[in-house]
Amino acid sequence: MGNVPSAVKHCLSYQQLLREHLWIGDSVAGALDPAQMADHTEVMKGIHQYPGVRYPVLTPNLQGFHRAVAAGATEISVFGAASESFSKKNINCSIEESMEKFEEVVKSARHMNIPARGYVSCTLGCPYEGNITPQKVTEVSKRLYGMGCYEISLGDTIGVGTPGSMKKMLESVMKEVPPSALAVHCHDTYGQALANILTALQMGINVVDSAVSGLGGCPYAKGASGNVATEDLIYMLNGLGLNTGVNIYKVMEAGDFICKAVNKTTNSKVAQASFNV
Amino acid sequence: MGNVPSAVKHCLSYQQLLREHLWIGDSVAGALDPAQETSQLSGLPEYVKIVEVGPRDGLQNEKVIVPTDIKIEFINQLSQTGLSVIEVTSFVSSRWVPQMADHTEVMKGIHQYPGVRYPVLTPNLQGFHRAVAAGATEISVFGAASESFSKKNINCSIEESMEKFEEVVKSARHMNIPARGYVSCTLGCPYEGNITPQKVTEVSKRLYGMGCYEISLGDTIGVGTPGSMKKMLESVMKEVPPSALAVHCHDTYGQALANILTALQPMVICKHNGGTYTVNP
């Protein structure tokens with residue numbers, strides 16, 4: 001993804017995305033391009049915060065947290081991993097060290113009545129370690145939930161999961177964290193995202209992360225897709241008669257806008273099918 | 001993915017699949033660890049037959065006309081993957097489908113591996129006889145659940161097409177040649193929009209009744225979602241047993257795998273006289 005001008009990031013149509021969550025921080029672990037997110041303060045201050053929309057930001061440590069609050073953030077996220085190697089390579093510390101940092105952040109956040117969300121990456125596999133046990137995912141999730149994160153987003157960071165491994169992992173995590181406090185964050189690197197999300201829905205999860213146009217590739221698989229496309233997700237949920245409150249056409253407009261800005265073809269099949277008509 | 005024979009694992013095309021970023025080690029890409037296998041999604045079938053339609057349905061929609069020798073090599077490579085059914089070509093007029101103009105050469109040119117079936121499309125008796133003369137040992141007929149699509153696609157109404165297919169399937173059965181029936185537009189039509197599950201059931205029942213051993217239900221324009229797939233299958237499975245059904249999902253809107261997963265899962269079917277029963281595909 002090329003450098004997106006700050007002006008683009010907080011312009012009107014880009015903001016008109018989801019009712020529930022608008023991610024203005026990069027949510028793909030390991031792919032953080034310092035240059036891309038360097039304008040975090042400007043963007044946070046520049047956007048129009050619509051009523052009924054929440055605008056969480058990633059805060060890896062206390063310093064980031066204080067800057068976020070100073071810039072107007074009212075919700076934050078911390079980003080852990082279920083893999084030691086991934087944790088070390090991605091945020092330069094062990095899982096235990098990261099949890100200690102997050103405890104500080106989440107404690108400060110709670111002190112200021114700022115909700116904190118916890119992410120666990122590599123829940124269905126790690127690019128360095130390979131298989132990740134559901135027990136490890138449960139351990140990390142429980143820790144984040146215990147320190148006060150209101151929701152834990154379980155990420156299939158490199159998209160290697162399938163309905164079988166998704167089910168096994170969720171069965172384990174749900175013994176320690178209630179489904180109402182869980183979300184899934186599926187990457188579509190191997191085309192499995194919607195099938196995995198459907199499986200999670202059938203198990204009682206009702207919060208799903210997605211990215212408009214399927215933005216964000218995979219740093220571990222050149223040319224492969226990354227996040228599941230919001231448009232494709234909404235299409236499936238609409239077809240199931242499930243209420244999201246989100247207007248798919250407006251999302252497609254925002255997707256078209258950002259793809260043009262970064263000179264990229266959309267990864268959303270729904271958008272591809274619609275714009276080809 | 002089931003047990004992959006060693007011979008397949010060593011073949012070049014399989015090895016090319018297992019590039020660095022794919023999950024290999026000792027297990028097959030995507031598969032659970034042996035220790036985890038007992039926790040597969042419950043109610044799923046133990047074996048799934050994959051019918052490869054790339055050489056026909058796939059190439060048919062490609063703009064570039066693929067040379068005959070490339071088609072033959074493509075099918076020969078597929079024959080070595082472990083696939084048990086590969087749809088080779090379509091014995092349709094080259095005026096309608098130029099990509100399939102070399103149907104006879106392709107059928108005669110491929111190597112028919114033991115244990116692999118090679119069905120071909122035969123829209124009418126003429127096509128059927130040509131197919132048999134070229135060495136075909138399995139055929140398919142292609143109907144639709146939409147009148148408009150039937151007229152635009154094969155130039156006749158659903159009823160007229162069924163009459164043609166009756167002739168083809170009857171001749172096929174006479175020669176002990178299995179016949180598969182396709183129903184297109186089962187989850188939506190590019191001309192008519194929504195298609196009722198009842199219409200799909202009607203056409204499927206007709207094809208099954210005339211002797212097709214299997215009915216492939218197609219989401220031709222990929223508009224279906226797990227909800228509409230479930231409704232349609234619940235209707236069709238009242239008249240055609242799941243063991244005689246297949247799904248053919250297009251991925252136009254990225255929904256295919258989710259729709260297929262839905263089709264693989266057990267379904268509760270309502271009986272005509274009230275009450276229900278569960279079918280496992």
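Only a predicted model underlies this, so the values are computations on that prediction, with no experimental measurement involved. Just so we're on the same page: letters track the sequence lines, and every chain starts at 1.
- The side chain to side chain donor-acceptor pair (under 3.5 Å) search around A/Asp232 returns A/Ser268, not counting sequence neighbours.
- Between the side chain of A/Tyr235 and the backbone N or O of B/Val223 there is at least one donor-acceptor pair closer than 3.5 Å.
- Qualifying ring pair (Phe, Tyr, Trp, His ring centres under 6.0 Å) partners for B/His250, counting only residues two or more places apart in sequence or in other chains: B/His248.
- Residue B/Asn259 does not touch chain A at all, counting heavy-atom pairs closer than 4.5 Å.
- The number of heavy-atom neighbours closer than 6.0 Å to CD1 of B/Ile50, taken from other residues, nucleotides and ligands shown, is 12 or below.
- Put simply, CD on B/Gln265 and OG1 on A/Thr199 are 6.5 Å apart, with the number rounded to the nearest 0.5 Å.
- Heavy atoms of A/Leu240 lying under 4.5 Å from chain B belong to its backbone as well as its side chain.
- Of the two parts of A/Gln202, only the side chain, counted from C-beta on, holds a non-hydrogen atom closer than 4.5 Å to a non-hydrogen atom of chain B.
- When all heavy atoms of A/Leu194 and B/Gly254 are compared, the pair lying nearest together is CD1-O, 3.3 Å.
- Taking a 6.0 Å sphere around CG of B/Asn194, one finds it holds 12 or fewer heavy atoms contributed by other residues, nucleotides or ligands.
- Residues A/Ala273 and B/Thr252 come closest through the heavy atom pair CB-O, 3.7 Å.
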